[in-house]
Amino acid sequence: MSIELLREEIQEADIIVPGVFKLSAGEESGIYADVKKVLGYPKIRRHIAEVILGRLDDRTTAIAADTGGSNPLGTELSSLSGLPLTSVRKEINDHGRNTIIDGYVPGSEDKITAVEDVFSSGKSLLRVSRLVELRGAEIIDCFVVVNRGDTSRFPFPIDYLFNLEEFRLVDNEVSETI
C-alpha cells in the first residue's frame with residue numbers, strides 16, 4: 001500500500017472534515033481529523049497498519065496504544081506484526097484487578113512503539129509513553145496517523161504518516177489546500 005493511495009482512501013472516507021470543532025486540548029479548529037472513524041473501515045485501518053509495519057523499528061518488542069481512539073489501530077498492528085499489545089487506560093479501573101494497563105504488561109527488556117490516531121498537543125501519547133516507561137520499558141518510537149501539532153519538542157521519537165495540511169478538502173465543488 002502506497003502512502004498516496006492511503007491518503008486517497010482517507011479522503012474518500014471523509015475522515016478529514018471542515019467545520020468548527022473543539023479539540024481534546026480545548027482549542028477550536030476549522031478542520032477535524034476524525035481518524036477514529038477508521039473503526040468502521042477495516043480496509044483503511046489495515047492499510048494504515050501495513051504502512052506503519054513497513055516503517056516499524058526492528059527492535060520493537062511490543063506495541064502500546066491508548067484504550068481510546070488508537071486502540072483499534074494498535075490491535076490491527078499487533079495482529080499483523082505478531083507483537084503483543086499494551087493497552088493503556090485513561091485511569092485505573094475500579095473493578096477486577098484495578099489496573100491501568102490491559103493486555104501485555106511490558107518490562108525492562110521491552111522496546112515499545114506507541115501508536116496514536118491524531119497528534120495535536122501530544123498529551124495522550126505522552127501519558128501512554130510515560131506509563132509504559134514506569135514499567136521499565138523503553139519507548140523507541142511513536143507513530144501518529146495525522147499530525148496537526150508541533151512534534152519538535154515531544155520527548156520521544158515521533159513519526160507520522162500525514163500532516164493535516166497534506167489533505168485537500170472539497171466543499172461546494174471548490175478544492176482548496178488547507
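With Leu83 as reference, Thr60 is the one residue of Leu53, Ile112, Thr113, Thr60 to meet the side chain to side chain contact (heavy atoms under 4.5 Å, CB included) rule. When each of Asp117, Leu85, Asp66 is paired with Asn71, the side chain to side chain contact (heavy atoms under 4.5 Å, CB included) condition holds for Leu85 and for no other. When each of Asn147, Ile10, Ile52, Val144 is checked for a side chain to side chain contact (heavy atoms under 4.5 Å, CB included) with Leu161, only Ile52 meets the rule.
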What donor-acceptor contacts under 3.5 angstrom involve side-chain atoms of residues 100-108, with partners at least two apart or in another chain?
unit_1 : atom_1 : unit_2 : atom_2 : d
Asp102 : OD2    : Arg89  : NE     : 3.0
Asp102 : OD2    : Arg89  : NH2    : 3.1
Tyr104 : OH     : Asp110 : OD1    : 3.1
Tyr104 : OH     : Asp110 : OD2    : 2.8

Identify all side-chain donor-acceptor contacts of residues 25-35 below 3.5 Å with residues at least two apart in sequence or on another chain.
unit_1 : atom_1 : unit_2 : atom_2 : d
Ser29  : OG     : Ile31  : N      : 3.1
Ser29  : OG     : Ile31  : O      : 2.7
Ser29  : OG     : Arg148 : NH2    : 2.4

Query raised in the report: When you look at Phe154 and Leu125, which way does the side chain to side chain contact (heavy atoms under 4.5 Å, CB included) test go after all the steps?
Result: CA-CA 10 Å; Phe154 197 69; Leu125 189 57; 3.8 Å; yes

Report task. Given side chain to side chain contact (heavy atoms under 4.5 Å, CB included), test Glu109 with Thr61 step by step and report yes or no. Result -> CA-CA 9 Å; Glu109 70 286 351; Thr61 60; over 6 Å; no

Query raised in the report: Does the pair Gln11 and Ile16 meet the rule for a side chain to side chain contact (heavy atoms under 4.5 Å, CB included), with working shown?
Result: CA-CA 6 Å; Gln11 281 187 239; Ile16 310 298; 5.6 Å; no

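Minimum interatomic distance between Arg7 and Phe162 (heavy atoms only, all atoms of both residues): NH1-CD2, 3.2 Å. When all heavy atoms of Pro72 and Gly68 are compared, the closest pair comes out as CD-O, 3.6 Å. In plain terms, the two heavy atoms of Thr67 and Lys90 that are nearest each other are OG1-N, 4.3 Å. Heavy-atom minimum distance, Ala64 versus Val132: CB-CG2, 4.0 Å.
Remark: the backbone N or O of Glu165 is not paired with any side-chain donor or acceptor of Asn163 at under 3.5 angstrom.
Note that the CG atom of Leu56 and the OG atom of Ser81 stand 6.5 Å from one another [nearest 0.5 Å]. Atoms CG and OG, on Leu164 and Ser120 in that order, are 8.5 Å from each other to the nearest 0.5 Å. To the nearest 0.5 Å, the span separating OG on Ser129 from CD1 on Ile140 amounts to 11.5 Å. Annotation: the span from Glu9 atom CD to Lys43 atom NZ amounts to 5.0 Å, rounded to 0.5 Å. For the atom pair CZ (Phe156) and SG (Cys142), the distance works out to 6.5 Å, reported to the nearest 0.5 Å. Once rounded to the nearest 0.5 Å, the distance linking CZ of Phe119 with OG1 of Thr151 reads 6.0 Å.
Inter-residue side-chain proximity for Leu126 and Pro155 is flagged as met; some heavy-atom pair is nearer than 4.5 Å. Between Ile48 and Glu76 the shortest side-chain heavy-atom distance does not fall below 4.5 Å. Using a 4.5 Å heavy-atom cutoff, the side chains of Lys37 and Asp14 are in contact.
If you chain together hydrophobic residues whose side chains sit under 4.5 Å apart, Ile139 and Tyr160 fall into the same group. Hydrophobic clustering (side-chain heavy atoms under 4.5 Å, transitive across Ile, Leu, Val, Met, Phe, Trp, Tyr) keeps Val115 apart from Val88. A chain of hydrophobic side-chain contacts below 4.5 Å, direct or via other Ile, Leu, Val, Met, Phe, Trp or Tyr residues, connects Leu80 to Ile63.
Ion pairing of Asp57 with Lys111 is absent here, as no side-chain N (NZ or NE/NH1/NH2) approaches a carboxylate O to less than 4.0 Å.
Every residue was checked against the ring pair (Phe, Tyr, Trp, His ring centres under 6.0 Å) condition with Tyr41, not counting sequence neighbours, and none meets it.
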